Amino acid sequence: KLQKSFLAIATAILRALLEPQKMKTRAATPGAAFLFLAFSPQPSLSFLPSRPFVPRRSALVVPRSEPAESPAESGQEHLQAVIDEVTKAAEKSEGDALSEPPEVEEEVEDGEEEFSSLVKHQQFLDTQGDLPQGFRIGKSKLTFDPVEEPTRVDLPMSLTLILLDEPTDAWTALFTTNAFPGAPVKVGRKRLAEGGPLQAIVVNNKISNVCPGGEPGSGEQSSEDICTGLGALLAIREGERGLEGAANRARMVLPCSTGIIGWSLPVPNMLRALPQCVESAVSDDLNAVDAARSIMTTDRYPKVEKGRRASWPSPLGHGHALLKLPGAALPCRPSFNTFQLCVLFGLLPPQCRGETVRIRPPSDDFDPDDSGEKFRIVGIAKGAGMIEPHLATMLVYLFTDLDLPRATLDKSLRLAVKKSFNCISVDSDESTSDTVVLISSQKVPCPPGSPLVAKFDEALLKVCEGLADDVVRNGEGTNHVMEVSIKGSPKDELAVGLGRAIVNSPLLKCAVAGNDPNVGRLVAAVGKYVGDNHAAHSKGQAQAAKGQSILGGCVMKMGGKIIFANGQFILNGVLEQELIQHMKAAELGDHGKAEFPLHKRRVSIEVDLGIGLSEAVILGSDLTHEYVTVNADYRS
């Protein structure tokens, strides 16, 4: 009876699609209509679209006594045939019971993609790389012989150019707090303090230009020489000749370097490679993925994130998915597997072949208020080791075409970085070259008070969170990503510090690498940090007056399972196996050498202190043999 009821509902939905006069509004889908009719106390068809869906023609044969009068009528007959086929098959299979109902796939949210192969991952990256208006990418390669290691010759280096069509005042940056910053960081700070416009960012890998030998200030001079060379090429391109034009353009260039610390830049070789880099930006159709790949060093794959339209709630039916059946392709919501549900509820027979396929939306630009003004935001990152940033992470570049003033960009960037890049750690070592840049081409107007500002902040945070996850997931030798959630803390500093102490515990990292739920190492890491830093509240607080420790009501979980409460472990054989499976499910594969991320799963750890409202989420990686191998052989 239940099967027949659902079959009747599905038939009513499909028949309604053949009757345009009953469809008053747009933005509905068969999947959404199914849910509405199935669960609404008083089902109605008045919300269905204003025109019927005409499915793609296929091999399904529809008997006709005479030719169709129009494409629409032909599509209606085709859909009627689908109804008949579904009805016949369902009636034929009536009474048959599934031994096990099909598993309904969970929705794969944006940012939680799973990839079965390197090709699939590359195809996904190709959807992320479109640049905002006004940006170009160029790249070139060169070889050099390091003066610090004369026996090594013809080492490779890549130059990457991020070029704007016009100089912009809308840019800001954050840099490392390491007391030995690289020369490019010093130059970048100077550019930011001067408040001048920016037109280009030039990035080299292989050498970080940090404290090189030679005359004092030689590192900064090398970076400035690269800027001058690029400035001269840009000035010539703009028809400006002479030293003054080159000098002006040079001040619009931001240099960045990453790689071996202590070596000096091969400036002559780099200058000779710059014309090809500029020509590439002008003539080659390169995108953000090309830039992300060009700045890599020990990264296993490029890291690219874009602000996604799908991250905002869309009107009913604006989900981008198709229910594909033999002979038809019906639009449906991507929030559930429509095909599996139809089989599960008897709307389609078990032997029916079909699938729910997610498709790309027609545009990834943001138009939150349908004003016609759309903007785009894309970010790339480089970084796999020496990752525990304070204010930034390795090298991150964020591009947008929304015209926001520098003060607004700076505020937005600081908030996004605080919640993303400042909450990750691969190996607890902060780089000397950490840089994150946010730059706008100012192509899309944004009047004061526009809702675009709030949407931009939301998109920027999503991009930064995605890149931060990519940095950890793509870390040197990383085979597991750990997500440590600290809750119930009396203050933010304690929550962040405790989270970092957990993800940086060498013993715990090794245990996670081996899929060993050695929860004693977790408790030891928590106790060590609290004992060293926050053993008890200050004297004026109630709990301290009662003599209670800050950990008195602490509850710890792993994989969502409670493993510690009331000062005692809660362990058994069943729980042990569940934790092992939780860790194995989060493995990235190939013992930390995988060339693409299989998934976005994490080893979940939660510590609830139960004495406050502050929270923090810190991402970290395990510690594998591959991490040791990469860093033992880094220069060789």
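Given the structure is predicted, the values throughout are model-derived calculations rather than measurements.
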Donor-acceptor side-chain pairing of [X] and [Y] below 3.5 angstrom:
{"X": "Thr478", "Y": "Asp622", "value": "no"}
{"X": "Asn515", "Y": "His480", "value": "yes"}
{"X": "Asp457", "Y": "Ser412", "value": "yes"}
{"X": "Thr160", "Y": "Ser294", "value": "yes"}
{"X": "Thr624", "Y": "Asn479", "value": "no"}

Is the shortest heavy-atom distance from the side chain of [X] to the side chain of [Y] under 4.5 Å?
{"X": "Glu305", "Y": "Glu465", "value": "no"}
{"X": "Lys443", "Y": "Asp403", "value": "no"}
{"X": "Ile605", "Y": "Leu508", "value": "yes"}
{"X": "Pro132", "Y": "Val378", "value": "yes"}
{"X": "Leu398", "Y": "Ile439", "value": "no"}
{"X": "Ile201", "Y": "Val203", "value": "yes"}

Salt bridge flag under 4.0 Å for residues [X] and [Y]:
{"X": "Arg521", "Y": "Asp516", "result": "no"}
{"X": "Glu194", "Y": "Arg251", "result": "no"}
{"X": "Glu595", "Y": "Arg300", "result": "no"}

According to side-chain hydrogen bond (donor to acceptor under 3.5 Å, both in side chains), who are the partners of Thr172, at least two apart in sequence or on a separate chain?
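Thr172 satisfies side-chain hydrogen bond (donor to acceptor under 3.5 Å, both in side chains) with Asp410 once adjacent residues are dropped.
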Contacts of type side-chain hydrogen bond (donor to acceptor under 3.5 Å, both in side chains), residue Glu224, not counting sequence neighbours:
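Counting only residues at least two positions away or on another chain, Glu224 forms a side-chain hydrogen bond (donor to acceptor under 3.5 Å, both in side chains) with Lys190, Arg191.
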OG-CE distance between Ser604 and Met583, expressed to the nearest 0.5 angstrom
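Here the interatomic distance stands at 10.5 Å.
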Centroid-centroid under 6.0 Å between Phe596 and Phe115 rings:
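When the ring centroids of Phe596 and Phe115 are compared, they turn out to be at least 6.0 Å apart.
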Count the heavy atoms of every other residue, nucleotide or ligand shown that sit under 6.0 Å from CG of Asn566, and state whether that count exceeds 12.
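Check fails, neighbour count at 12 or below.
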Is it true that atom CG of Leu613 has more than 12 heavy atoms of other residues, nucleotides or ligands lying nearer than 6.0 Å?
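Counting other residues, nucleotides and ligands, CG of Leu613 stays at 12 neighbours or fewer.
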Residue among Val496, Asn504, Ile502 satisfying side chain to side chain contact (heavy atoms under 4.5 Å, CB included) with Ile618:
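For Ile618, the side chain to side chain contact (heavy atoms under 4.5 Å, CB included) test succeeds with only one of Val496, Asn504, Ile502, which is Val496.
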Only one of Thr168, Asp401, Asp169 clears side chain to side chain donor-acceptor pair (under 3.5 Å) with Gln442; which?
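By the side chain to side chain donor-acceptor pair (under 3.5 Å) criterion, Gln442 pairs with just one of Thr168, Asp401, Asp169: Thr168.
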